[in-house]
There are 2 protein chains.
Amino acid sequence: MSLTIKDIAKMAGVSITSVSRVLNNKTEGISESTRQRVLKIIEQHNYRPNAIARSMITKNTKTIGLIIPDIRNPFFSDLARGIEDVASESKYSILLCNTDSTLGKIIDYLWLLKEKNVDGMIFACSDPTLNREVHTFVKQNNIPVVIVDRGLEDQMYSGVFIDNEKAAYMATKHLLELSHTRIGCISGPSFIKNSNERLEGYFKAHQEFGVPTDKSLIRVGEYVMEGGYQAAKELLEQTDVTALFAFNDLMAFGVYQAAEELGLKIPDDISVVGFDNLKYNLLLHPKLTTMEQPIYEIGEVATKLLLEQIEEGKSDQIKSVFLDTKLIVRESTKKR
Amino acid sequence: MSLTIKDIAKMAGVSITSVSRVLNNKTEGISESTRQRVLKIIEQHNYRPNAIARSMITKNTKTIGLIIPDIRNPFFSDLARGIEDVASESKYSILLCNTDSTLGKIIDYLWLLKEKNVDGMIFACSDPTLNREVHTFVKQNNIPVVIVDRGLEDQMYSGVFIDNEKAAYMATKHLLELSHTRIGCISGPSFIKNSNERLEGYFKAHQEFGVPTDKSLIRVGEYVMEGGYQAAKELLEQTDVTALFAFNDLMAFGVYQAAEELGLKIPDDISVVGFDNLKYNLLLHPKLTTMEQPIYEIGEVATKLLLEQIEEGKSDQIKSVFLDTKLIVRESTKKR
DNA sequence: TCGAATTAAGAAAACGTTTTCTCAGTAGAC
DNA sequence: GTCTACTGAGAAAACGTTTTCTTAATTCGA
């Protein structure tokens, strides 16, 4: 089996205490000469301490749990990479948890992460019935948590967000300025907070422009391609929309498919605005006008927040960071 | 702090041994009545054993390391999901390691995973200088490993693959059958084994059709969009290719961009074939003809293989599984 | 009814670290 | 020269489990 601290101690002719001291760069209780001797043996044998045993006593695992709906969603893989990059810089590793936004899976993972003693969690799932349950769990076990993208009870946790209302307002405004007055809206599920916030922005822009809104132009999709496709198909067939605002790019992709199927030309017959600015919408034709959000950076900032919380024990201080969004006007929108 | 087995023992009025026995469903040394009593206390207090302490003695962590270049690459996020799904079914969790195919990062992660005592690893990175180093590391620490997508010294490990040569042969044949004789080839880096295998298939098809190959039509890209874009631009500007075979879809995406930039129409001016059949190539126009490989399933099978190896100690038996590929003919290829 | 076999249960060791406590030796102060 | 303070080092406890070993109590066979 692997070498242990005991083996190293024996080889160096010192106690395991001394080896531990050099391992942890302690200066007290050890002379420079024995430190060097031990260091040499460690080096020679490529010894690395067993993280499990270490965790046993230090109570930290240098691991953080990442709870997301689905890593295949490019939004979350981008986010995950941002997270992993800053985590690994501080020698933390990340445990991947795909929940499909499912109550059962989320709870299961919460327990798992607790059993495995993760030092903290980044949470990007939400479910109405869940909020309470997750909340009590987290508070009860007081695990550091940072919320991302979709908040649960916001003021209770640190989190990294964008101003969803403002972003949606800007996107809608863009369409209104292009003289569209019948703007279909493809929202995400209503239990996801950002959906409602974006909806607010959508309304606000209409109000400001004195354009009446029409409930029948608002549909809810699943935040994936198929969701956008379904909603778009309905809207395009059953209503007189001249523009469509999808609350994420994935759904906007679905809009493109629906439009094509119905023989509608973008942007001539129908203008389309997305949300996220995923890398892969470069593939679209015509290029998608969309509201960019700094996904990777959200992951970075969230992780920094979490590590701060973990390492400085700041789990009581709640910090919300808001990052900027930016409307990227491309070819999918046009004056009516 | 959290409850420990000691607390439960005290509350139930039994020894920790007994609690441990019910925790692990041991039948010996415990009567049904005390089992029930203990079970009730456990239930009541929602006690879960500390996985770290458990690992300490059982020597397993129910964790597997996933080493990939970049989770943002849809190929790998799809793979990761397949892996996570079957892993979590068996109560294993996965530790995410993005290496960017970088020597330093791979080695660092290897050590990390060893320190953390993962039960096994799924490995999808390769690097020529690395093979030896990774190999000796893995063998030295005898950690169960399953290779995926890109082999290192193949016969040494279990792995899940496709028949790259055959797949590339089929793809090339498709183009040859459409009377293309000047077929550009955008390969992946030559240190990645599948690139060379696919190249073989490319050659073989030409040979079979009696069409001479031309080294100048073969370029190497990075297996990402930009790689495909660069290579395609060169090929389209400097040579007389009438068709392009990109060794993955991401590069094929780049080909589309290059073609557009040069004002070339697909498939009229240039036929394009990709590889992978990523979900997002539904966004492309015209739709991409590509060689499908069952990415998610590769992840599933790889994990099953790994778990088998872990749980049945079959790390000596080497098993290679080959999954099928399928040419999906869509709109990006056309008779010359 | 007695010894053997079986069962239920607990005590203690073990896992590989870090941390606390103790101690011997030496330097410094007077 | 003695006492105090400090330094380098090790012994042992601790972390929360599982596992091995031991023991007490019960059942069983004759």
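All chains are named by letter (A, B, ...) in the order of the sequence lines, taking the proteins before the strands, and each is independently numbered beginning at 1. The shown structure was predicted, so the numbers you read here are calculated from the model rather than taken from an experiment.
- A/Ser20 contributes no side-chain N or O that, together with a main-chain N or O of A/Ile16, makes up a donor-acceptor pair within less than 3.5 Å.
- One atom, CD of A/Glu115, and another, P of D/dT18, lie 11 Å apart when rounded to the nearest Å.
- Rounding to whole angstrom units, CE of residue B/Met56 and P of D/dG16 are separated by 13 Å.
- Heavy-atom minimum distance, B/Ser2 versus B/Asp7: O-OD2, 4.3 Å.
- Relative orientation of the B/Phe161 and B/Phe322 rings is tilted, given thresholds of 30° and 60° on the angle between their planes.
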**Request:** Decide yes or no on side chain to side chain contact (heavy atoms under 4.5 Å, CB included) for A/Leu66 and A/Glu84, but give the supporting numbers first.
**Result:** CA-CA 10 Å; A/Leu66 172 59; A/Glu84 216 254 329; over 6 Å; no
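- Side chain of A/Thr61 to backbone of A/Asn117: a donor-acceptor contact under 3.5 angstrom is found.
- A/Glu308 meets the side-chain hydrogen bond (donor to acceptor under 3.5 Å, both in side chains) test with A/Lys319; sequence neighbours excluded.
- Take A/Glu311 and apply the side-chain hydrogen bond (donor to acceptor under 3.5 Å, both in side chains) test, not counting sequence neighbours, and it matches A/Tyr92.
- Following rounding to the nearest Å, B/Asn60 (CG) and D/dT17 (C1') show an atom-to-atom distance of 12 Å.
- With hydrogens and angles disregarded, a donor-acceptor distance shorter than 3.5 Å links the side chain of B/Ser55 to the backbone of B/Ala51.
- Taking a 4.0 Å limit (strictly below) on heavy-atom distances, residues 42-53 of chain A reaches DNA chain C at A/Tyr47, A/Pro49, A/Asn50, A/Ala53.
- Atom CZ in B/Arg54 sits about 22 Å away from atom P in C/dT17, given to the nearest Å.
- Taken residue by residue, residues 27-39 of chain B places no heavy atom nearer than 4.0 Å to DNA chain D.
- In the helix from C/dT1-D/dA30 to C/dC30-D/dG1, the end axes, each obtained as the rotation axis mapping the C1' atoms of four pairs onto the next four within a five-pair block, lie 50° apart to the nearest 10 degrees.
- Counted by atom type alone, B/Asp85 and B/Tyr296 present one or more donor-acceptor pairs between their side chains at under 3.5 Å.
- Rounded to an integer number of Å, the gap from B/Lys6 NZ to C/dA12 C1' is 13 Å.
- Atom NZ in B/Lys10 sits about 14 Å away from atom P in C/dG10, given to the nearest Å.
- Distance B/Lys59 NZ to D/dT18 P: 14 Å, rounded to the nearest Å.
- A sub-4.0 Å separation between OP1 or OP2 of D/dA9 and a side-chain N or O of A/Ser15 is absent.
- Considering A/Leu113, A/Ile107, A/Asp108 as possible partners of A/Trp111, the one that fulfils the side-chain contact (heavy atoms from CB on, under 4.5 Å) test is A/Ile107.
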Could you write out each protein N or O paired with an N or O of nucleotides 19-27 of chain D at a distance under 3.5 Å?
{"from": "D/dT19", "atom 1": "OP2", "to": "B/Lys26", "atom 2": "NZ", "distance (Å)": "2.7"}

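- Rounded to an integer number of Å, the gap from CD1 of A/Ile8 to C1' of C/dT17 is 13 Å.
- No side-chain donor-acceptor contact under 3.5 Å links A/Thr34 to the backbone of A/Ile30.
- A sub-4.0 Å separation between OP1 or OP2 of C/dG16 and a side-chain N or O of A/Thr4 is absent.
- When only modelled atom types and interatomic distance are considered, B/Lys105 and A/Ser88 share no side-chain donor-acceptor pair under 3.5 Å.
- Inspection of the B/Thr63 and B/Lys116 side chains reveals no N or O donor paired with an N or O acceptor under 3.5 Å.
- Between the side chain of A/Asn141 and the backbone N or O of A/Ile143, no donor-acceptor pair lies under 3.5 Å.
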